[in-house]
**Q** 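Take a look at this one; I'll ask things after.
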Amino acid sequence: QVQLVESGGGLVQAGGSLRLSCAASGSIFSINAMNWYRQAPGKQRELVATITSGSSTTYTDSVKGRFTISRDNAKNTVYLQMNNLKVEDTAVYYCHLDYNADYASYLEVWGQGTLVTVSS
């Protein structure tokens, strides 16, 4: 099984920055897209950012201009650079991978989540 290990969460003051990392391990034939989701207390999980195999990126409106998703293909790692953090960014952030385990298998896997708490 492919596994995702997230790191980088923690407590940060509003206006500060934080960088999340998500490293994939296991048998990955190809990566189609890597995503970051988040779930705040009392809210549904939402897609925050996506990066495709062609390095095309998309962001939810609330983080545009503040967050940047990037990847290191050699390390099978995706990052989320979060700048100018706001209290409303507080959430558990989940890494999500769309990938092929082999030529014919299209699969997805979730990371364990990492808590980001932004204080005022």
Side-chain angles (χ1 to χ4, degrees):
Q1 274 283 352
V2 169
Q3 293 182 330
L4 303 179
V5 179
E6 301 180 34
S7 62
L11 177 64
V12 65
Q13 293 181 335
S17 298
L18 206 61
R19 192 188 200 194
L20 306 182
S21 298
C22 175
S25 63
S27 298
I28 301 174
F29 179 74
S30 63
I31 294 175
N32 302 309
M34 302 187 82
N35 313 286
W36 286 99
Y37 288 78
R38 69 184 181 187
Q39 188 165 22
K43 294 186 176 181
Q44 294 182 319
R45 187 172 298 185
E46 66 171 340
L47 178 62
V48 176
T50 297
I51 184 166
T52 69
S53 60
S55 297
S56 176
T57 60
T58 56
Y59 303 90
T60 190
D61 286 343
S62 63
V63 308
K64 286 181 178 178
R66 300 188 298 118
F67 290 11
T68 302
I69 187 171
S70 62
R71 72 182 184 202
D72 185 334
N73 289 338
K75 298 180 179 179
N76 281 340
T77 299
V78 64
Y79 306 93
L80 186 67
Q81 179 67 46
M82 304 183 292
N83 297 326
N84 192 24
L85 282 161
K86 302 176 180 180
V87 172
E88 50 264 44
D89 294 319
T90 296
V92 176
Y93 285 72
Y94 296 91
C95 181
H96 178 263
L97 173 67
D98 296 316
Y99 74 101
N100 284 87
D102 53 39
Y103 183 77
S105 299
Y106 178 73
L107 301 171
E108 61 181 337
V109 66
W110 291 88
Q112 82 281 6
T114 185
L115 177 62
V116 173
T117 302
V118 184
S119 66
S120 61

**Q** I'd like to know if the side chain of Thr90 and the backbone of Glu88 have a donor-acceptor N/O pair within less than 3.5 Å.
**A**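 A pair under 3.5 Å: no.
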**Q** If hydrophobic residues (ILVMFWY) are linked whenever their side-chain heavy atoms come closer than 4.5 Å, directly or via other members, who joins Tyr79 in its cluster?
**A**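 Besides Tyr79, the cluster holds no residue at all.
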**Q** Using the salt bridge (Lys or Arg N to Asp or Glu O under 4.0 Å) rule, collect all pairs that involve residues 49-65, keeping only residues at least two apart or in two chains.
**A**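 Every pair satisfying salt bridge (Lys or Arg N to Asp or Glu O under 4.0 Å) with a residue in residues 49-65: Asp61-Lys64.
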**Q** Measuring from Ser25:OG to Gln1:CD, what's the distance to the nearest 0.5 Å?
**A** 10.5 Å
**Q** Would Val116 and Met82 satisfy side-chain contact (heavy atoms from CB on, under 4.5 Å), going step by step from the backbone distance to the final call?
**A** CA-CA 10 Å; Val116 173; Met82 304 183 292; 3.9 Å; yes
**Q** What heavy-atom pair brings Tyr106 and Asn32 nearest, and what distance separates the two atoms?
**A**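 Heavy atoms only, the tightest pair is CE1-ND2, 3.0 Å.
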**Q** Report the distance from atom CH2 of Trp36 to atom NE2 of His96, rounding to the nearest 0.5 Å.
**A** 12.5 Å
**Q** Does any pair with a residue in residues 25-85 pass disulfide bond (SG atoms under 2.5 Å apart), and if so which ones, sequence neighbours excluded?
**A** none
**Q** Which value, rounded to the nearest 0.5 Å, describes the distance between Gln39 atom CD and Gln44 atom CD?
**A** 8.5 Å
**Q** State which residues pass side-chain contact (heavy atoms from CB on, under 4.5 Å) with Ala91; sequence neighbours excluded, sorted by chain then number.
**A**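 Partners of Ala91 by the side-chain contact (heavy atoms from CB on, under 4.5 Å) criterion, ordered by chain and then number, come out as Arg38, Ala40, Tyr93.
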**Q** What residues, two or more places apart in sequence or in another chain, satisfy salt bridge (charged side-chain N to carboxylate O under 4.0 Å, His left out) together with Asp98?
**A** none
**Q** Would you compute the distance between atom OG of Ser62 and atom CG of Asp89 and round it to the nearest 0.5 angstrom?
**A**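 Nearest 0.5 Å value for the OG-CG distance: 7.0 Å.
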**Q** Using every non-hydrogen atom in the two residues, find where Ala33 and Thr50 come nearest and quote the distance to one decimal.
**A** CB-CG2, 4.3 Å
**Q** Tell me the disulfide bond (SG atoms under 2.5 Å apart) pairs involving residues 56-85, sequence neighbours left out?
**A**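 For residues 56-85: none.
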**Q** Would you name the heavy atoms of Leu97 and Met34 that are closest together and state the gap between them?
**A** CD1-CG, 3.7 Å
**Q** Could you list all the salt bridge (Lys or Arg N to Asp or Glu O under 4.0 Å) pairs where at least one residue sits in residues 49-59, not counting sequence neighbours?
**A**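 Applying salt bridge (Lys or Arg N to Asp or Glu O under 4.0 Å) to every pair that reaches into residues 49-59, excluding sequence neighbours, yields nothing.
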**Q** Would you name the heavy atoms of Leu107 and Ala101 that are closest together and state the gap between them?
**A**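 Scanning both residues completely, I find the closest heavy atoms to be CD1-CB, 3.6 Å.
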**Q** In residues 53-60, what donor-acceptor pairs under 3.5 Å come from side-chain atoms, sequence neighbours left out?
**A**
unit_1, atom_1, unit_2, atom_2, d
Ser55, OG, Arg71, NH2, 3.2
Tyr59, OH, Ile69, N, 2.9

**Q** Return a table of donor-acceptor pairs under 3.5 angstrom between the side chains of residues 11-20 and protein atoms on other chains or two or more places apart.
**A**
unit_1, atom_1, unit_2, atom_2, d
Ser17, OG, Asn83, OD1, 2.9

**Q** Between CD1 of Ile28 and CG of Asn76, what distance do you get to the nearest 0.5 Å?
**A**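 If I round to the nearest 0.5 Å, the distance is 4.5 Å.
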**Q** Which atom names give the shortest non-hydrogen contact between Leu4 and Ala24, and what distance separates them?
**A** CD2-CB, 3.4 Å
**Q** So which residues get pulled into Tyr94's cluster when ILVMFWY side chains under 4.5 Å apart are joined, directly or through others?
**A**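 Its cluster partners, ordered by chain and number, are Tyr37, Leu47, Val92, Trp110, Leu115.
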**Q** Going by distance alone, is a donor N or O of one side chain under 3.5 Å from an acceptor N or O of the other, for Ser105 and Asn100?
**A** no
**Q** Is the count of non-hydrogen atoms from other residues, nucleotides or ligands lying under 6.0 Å from Gln3 atom CD greater than 12?
**A**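 Check fails, neighbour count at 12 or below.
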**Q** Can you run down the disulfide bond (SG atoms under 2.5 Å apart) pairs that involve residues 90-120, sequence neighbours left out, and say none if there aren't any?
**A**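 Counting only pairs at least two positions apart or across chains, the disulfide bond (SG atoms under 2.5 Å apart) contacts touching residues 90-120 are Cys22-Cys95.
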**Q** Could you list the cluster mates of Val5? Members are the ILVMFWY residues connected by side-chain heavy atoms closer than 4.5 Å, either directly or through other members.
**A**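 Direct or chained contacts put Val5 with none.
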